[in-house]
Amino acid sequence: MTDQKPLTQRDEWKALQKHYEETRNVHLRDYFAADPRRGEKMAVEACDLYLDYSKNRMSEATLKLLIKLAEAVNLRQQTEDMFTGKKINITEGRAVLHTALRAPGSERIEVDGVNVVPEVHRVLEKMRTFSSRVRSGEWKGFTGKRITNVINVGIGGSDLGPAMAYEALKSYRHKHIHCRFVSNIDATDFVEAVSDCNPEETLFVICSKTFTTLETLTNAHSARRWLLDAVGDKAAVRRHFVAVSTNDREVEKFGIDRDNMFEFWDWVGGRYSYDSAIGLALMIAVGADRFDEMLAGFRSMDEHFRTAPFEQNIPVLLALIGIWYNNFYGAQTHAVLPYNEYLALLPAYLQQLDMESNGKSVDRNGNRIGAYQTGPIIWGQPGTNGQHAFYQLIHQGTKLIPCDFIGFAQSNNPLGNHHNLLMSNFFAQTEALAFGKTREEVESEGVPDFQVPHRVMDGNHPSNSLLAVKLTPRLLGELVALYEHKVFVQGAVWNVNSFDQWGVELGKVLARRIVPELDAKETPQLAHDSSTNALISKYRRWCRD
Ligand code: F6P
């Protein structure tokens, strides 16, 4: 329970509402014209990131009001509560300590009177030993062959994080070990992933916090069958399967050796977990040193978030700017646009991080939230591909879509002039979105009259620009921690529990009920609604055709 006053009844909220009414029609052109140094002033450099937030429909006064709101909800205290292990996941009675996963060994963070940091470091050490044995070839498959394929089997947080990070750091990977990620219960995912793998050279990392997730367990059983069909000896399982879980009993039941299990803890949320043992496949791919560099990046952003004044605090700034659009401008979505192919999966990863965390309509006191919006829809894909797909709507559609542009000064794959061309698009898009093209400018180009209205670009479309030198393991850690904390700040202001996900449970329960109805030989008595009954009947007829 929290004693937060209803958000919209706070003076700070009302002041923002008033400020919105007064400033909503100010154009970014006017903001920039009024202050020639705006682009330098509304920017922050911290950790290894440069955030330019000047192309937002706000002034320094707006920011001050937003910061007052953050202070009013006691953001600093809420942050400390998270970092120090208070049980802020109130519906599950758990601490929220993903930050402990990257805490230095010297730190002391207690849950129920027990310092969790030594456990974190013990598991990290176990991961280091195991991953270096796989990388060096010392760890062999059952028939004595080297491991060349590592297949991560998991879903949600047990898939999206390691898959995104593997993709992001692919240029650092071991050249003879290929990682794949199987998540979907659709057999196609598994079948395609193993289609060109030799079972004798394949290691499965079964990742599941609960070790009860239907998709993961189904895929894991298929993987075991696939292995045993090839090698024909159950003893092979211990050379080809390891598990990452909080549930040792279920892991053992599956047949995976305790020694081959890497623990994590109920105080790590699935979507906040890829820097725990859930990142084992990643560590095998990039090596323990790179993984450590990544953890150092996480740590540096944690430190920045915990200590920097709000007006220079990158996660706080991004969160408050997001609140400004979500709650006052009524923006429904937020686009993440990385100008780096290695970050192709970042929008999908952030979708879970943000939408599973803040997709809530009941506050921490159990009251229905009617008066304000909570989490936005997160979406996006890498530039420049997105430019040729959906940017048209951002530029000229009827919706307001705030965007985060993410780019780097140096390419991981320098080739000819590619990188300058890529980044010129980044800069050009943020410029075009903000300033558009006026009727006068269009007319002065001598375009036919009938085209003029179609070619006018209103501009005034907001964006944040995040720029860094290069995508490295450290930088990736900083970036992910930045978004973790952004989500935290927004949840803290909206007074929601960002760390549970009851909404996804109902679908799981209903699916389990329907399975026997699809499996049954005899036509079952269906007692769903008429639509679901008809769909199941049609499916039963067609799958037997
Ligand atoms: O989608 C619901 C969810 O519980 C996610 O929060 C979680 O990341 C995913 O399922 C997988 O859960 P587990 O790691 O327990 O298999």
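Remember, it's 1-based here, ligands and their atoms both numbered in the order they're listed.
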- Query: Under 3.5 Å between some N or O of ligand 1 and some N or O of S158?
  - Reply: yes
- Message: I want to check a possible cation-pi pair here: R474 against F298, using under 6.0 Å from ring centre and within 45° of the ring axis as the test.
- Response: no
- Sub-4.0 Å atoms of ligand 1 with respect to non-hydrogen atoms of G157: 7 (C), 8 (O)
- Task: Say whether E215 and ligand 1 are in contact under the criterion: heavy-atom distance to a ligand atom below 4.0 Å.
- Result: no
- How far does CZ of F190 sit from CZ of R225, to the nearest 0.5 angstrom? 9.0 Å
- Query: When you measure from atom 12 (O) of ligand 1 to every protein heavy atom, which one gives the shortest distance, and what is it?
  - Reply: T213 OG1, 3.5 Å
- Message: If we only consider heavy atoms of K508, is any one of them less than 4.0 Å away from an atom in ligand 1?
- Response: yes
- Message: Quick check: do I321 and N464 have side-chain heavy atoms less than 4.5 Å from each other?
- Response: yes
- Query: atom 2 (C) of ligand 1: which protein heavy atom is closest, and how many Å away?
  - Reply: V504 CG2, 3.4 Å
- Task: Name the closest protein heavy atom to atom 1 (O) of ligand 1, giving the residue it belongs to and the distance to 0.1 Å.
- Result: E356 OE2, 3.3 Å
- Message: Under 3.5 Å, is there a donor on one side chain and an acceptor on the other for Y272 and S357?
- Response: yes
- Partners meeting salt bridge (charged side-chain N to carboxylate O under 4.0 Å, His left out) with E192 (sequence neighbours left out): none
- How about T188 and D186: does a side-chain donor come under 3.5 Å of a side-chain acceptor? yes
- Item | Identity and distance of the protein heavy atom lying nearest atom 9 (C) of ligand 1 | I155 O, 3.6 Å
- Message: For N495 and R364, which I'm curious about, is there any donor-acceptor pair between the side chains at under 3.5 Å?
- Response: yes
- For K209, is at least one N or O under 3.5 Å away from an N or O on ligand 1? yes
- Item | Parallel, tilted or perpendicular, as decided by the 30° and 60° cut-offs, for the rings of F83 and F305 | tilted
- Message: Please list, in number order, the atoms of ligand 1 under 4.0 Å from a heavy atom of Q352.
- Response: 5 (C), 6 (O), 8 (O)
- Could you check atom 15 (O) of ligand 1 against the protein and tell me its nearest heavy-atom contact, residue, atom and distance included? T210 OG1, 2.6 Å
